[in-house]
2 protein chains.
Amino acid sequence: MEDGTSESPGYCGDTDGDYDVLQWDTREDCEVRQILDRVADKWSLLVIALLDRRSLRFTELRRMIDGISQRMLTRTLRHLERDGLVSRTVHPTVPPRVDYALTPLGATLHETIRALVTWTEEHQGQIAAARGAFDRRVAAEQQAAAEEAAEREALAREALTARR
Amino acid sequence: MEDGTSESPGYCGDTDGDYDVLQWDTREDCEVRQILDRVADKWSLLVIALLDRRSLRFTELRRMIDGISQRMLTRTLRHLERDGLVSRTVHPTVPPRVDYALTPLGATLHETIRALVTWTEEHQGQIAAARGAFDRRVAAEQQAAAEEAAEREALAREALTARR
DNA sequence: CGGAATCCGCCACGATACTG
DNA sequence: CAGTATCGTGGCGGATTCCG
């Protein structure tokens with residue numbers, strides 16, 4: 001099994017009731033974070049999206065995703081299966097055939113995720129602009145610092161030659 | 001600066017038009033994934049949620065989050081600032097005072113995220129059930145395999161004693 | 001074909017110390 | 001107070017090999 005997100009089943013009990021915003025933010029360690037990590041996983045989201053069209057075999061997924069290693073595909077599918085987001089059905093044929101499909105639960109999650117994707121698409125312009133502005137500001141500050149350093153060095157050298 | 005999500009500004013151009021689902025899934029490497037990683041980041045979401053109430057100082061955030069290191073808080077805030085989700089204002093007082101606040105863009109993102117949190121809260125029961133069932137199945141299979149192995153070993157030993 | 005098991009590189013993160 | 005700089009490390013992910 002290798003790891004498996006730890007076998008602790010239920011709560012984490014970490015919630016000390018400091019602030020009320022933390023009602024779902026601190027306990028993120030319990031449930032929300034688990035799902036969030038699954039969604040944000042490099043491959044999970046891709047698998048969910050692909051399975052949303054139709055059920056697929058292991059090798060089909062492997063080919064479609066292209067950059068993925070068999071190890072990661074296996075792990076990803078196991079995790080999704082464990083969370084009840086993907087169903088795994090083995091056909092006892094030879095050679096063996098395994099089909100993966102999205103469960104109803106997985107389908108609703110995919111819908112929910114789409115909202116986030118939509119948000120990103122709608123605002124990616126603003127984000128790109130913000131990044132550009134930020135990077136330019138940083139570059140300008142760095143250059144200013146560099147010039148100041150050069151000036152200080154020039155002054156120091158000048159003082160040195162004057163002493164001789 | 002240390003890293004900075006690479007300074008490549010625009011597209012990734014990785015999109016080979018194989019399937020149409022990949023229209024936003026393959027190019028995830030370009031924009032969607034960036035935001036998703038930011039959201040799924042261990043601390044970013046927490047910071048966004050806390051700043052949704054009111055603007056906060058560096059140390060306030062540090063105390064409220066509790067498990068975070070100063071390094072990670074700095075990095076997180078820088079990333080959020082770069083993406084235009086959080087604004088940073090320095091008050092030229094002594095001692096220095098720096099306030100962080102959610103930008104309008106960040107606020108809309110927070111709203112969008114809430115949908116995902118809501119989904120998780122609504123379905124965490126199903127997920128927990130699925131995990132339980134999965135783990136029990138795995139445990140059962142492992143035990144079955146162990147018993148089978150023990151039986152084989154017993155047979156082998158029996159055969160061995162018979163040969164003497 | 002569909003995995004499981006093993007080895008290993010890399011970097012994300014934490015702890016620590018220092019600066020303005 | 002609000003950071004930057006440096007070092008040490010655990011774990012994630014990839015490559016490879018073997019199994020049913």
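Because the structure is predicted, anything quoted here is derived from the model rather than measured. Side chains are part of it too, since the values below use all heavy atoms of this structure and drop only hydrogens, waters and symmetry mates.
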Quick one: B:E60 CD to D:dC1 P, roughly how many Å, whole number?
11 Å
Between C:dG3 and A:R78, is there an OP1 or OP2 to side-chain N/O distance shorter than 4.0 Å?
yes
With DNA chain D as reference, determine whether B:T74 or B:R63 sits nearer its 5' end, using the nearest nucleotide of each.
B:R63
Choosing from C:dC13, D:dA2, C:dC1, which nucleotide comes nearest the side chain of B:D41?
C:dC13
Length of the CZ-P vector between A:R75 and D:dG13, whole Å
7 Å
Taken in chain and number order and not counting sequence neighbours, the residues that satisfy side-chain contact (heavy atoms from CB on, under 4.5 Å) with B:A101 are B:S55, B:S87
With sequence neighbours excluded, what pairs up with A:T118 under the side-chain contact (heavy atoms from CB on, under 4.5 Å) test?
A:E122
So, applying side chain to side chain contact (heavy atoms under 4.5 Å, CB included) with B:D99, which one of B:R88, B:H91, B:R54 is it?
B:H91
Between A:R97 and C:dC1, is there a contact of a side-chain N or O with OP1 or OP2 at under 4.0 Å?
no
Which of C:dC1, D:dG13, D:dA2 is nearest the side chain of A:M72? It is D:dG13
Let me know the distance between CG of B:D37 and C1' of C:dC11, rounded to the nearest Å.
14 Å
Rounding to a whole Å, what distance do you find between B:L61:CG and D:dA2:C1'?
12 Å
Scan the side chains in residues 58-69 of chain B for donor-acceptor partners under 3.5 Å anywhere in the protein, sequence neighbours excluded, and list what turns up.
unit_1, atom_1, unit_2, atom_2, d
B:E60, OE1, B:R57, N, 2.7
B:R62, NH1, B:I68, O, 3.4
B:S69, OG, B:M72, N, 3.3

5' priority, DNA chain C, between B:I68 and A:R57 [closest heavy atom]:
A:R57
B:R38 has an atom CZ; how far is it from atom C1' of C:dA12, in whole Å?
13 Å
Report the distance from atom CD of A:E141 to atom C1' of D:dG3, rounded to the nearest whole Å.
14 Å
Whole angstrom value for the distance that separates C1' of D:dT4 from CZ of B:F58:
11 Å
Separation of D:dG3 P from B:H79 NE2 (nearest whole Å):
14 Å
A:V94: which residues meet the side-chain contact (heavy atoms from CB on, under 4.5 Å) condition with it, sequence neighbours left out?
none
Contacts under 3.5 Å, N or O only, protein and nucleotides 15-20 of chain D:
unit_1, atom_1, unit_2, atom_2, d
D:dT16, O4, A:Q70, NE2, 3.4

For the side chain of A:P95, counting heavy atoms from C-beta on, which of C:dC1, D:dC1, D:dG3 is nearest?
C:dC1
Who pairs with A:S44 by side-chain contact (heavy atoms from CB on, under 4.5 Å), at least two apart in sequence or on another chain?
A:R38, A:D41, A:T76, A:L80
What distance separates B:I127 CD1 from A:Q34 CD, expressed to the nearest 0.5 Å?
9.0 Å
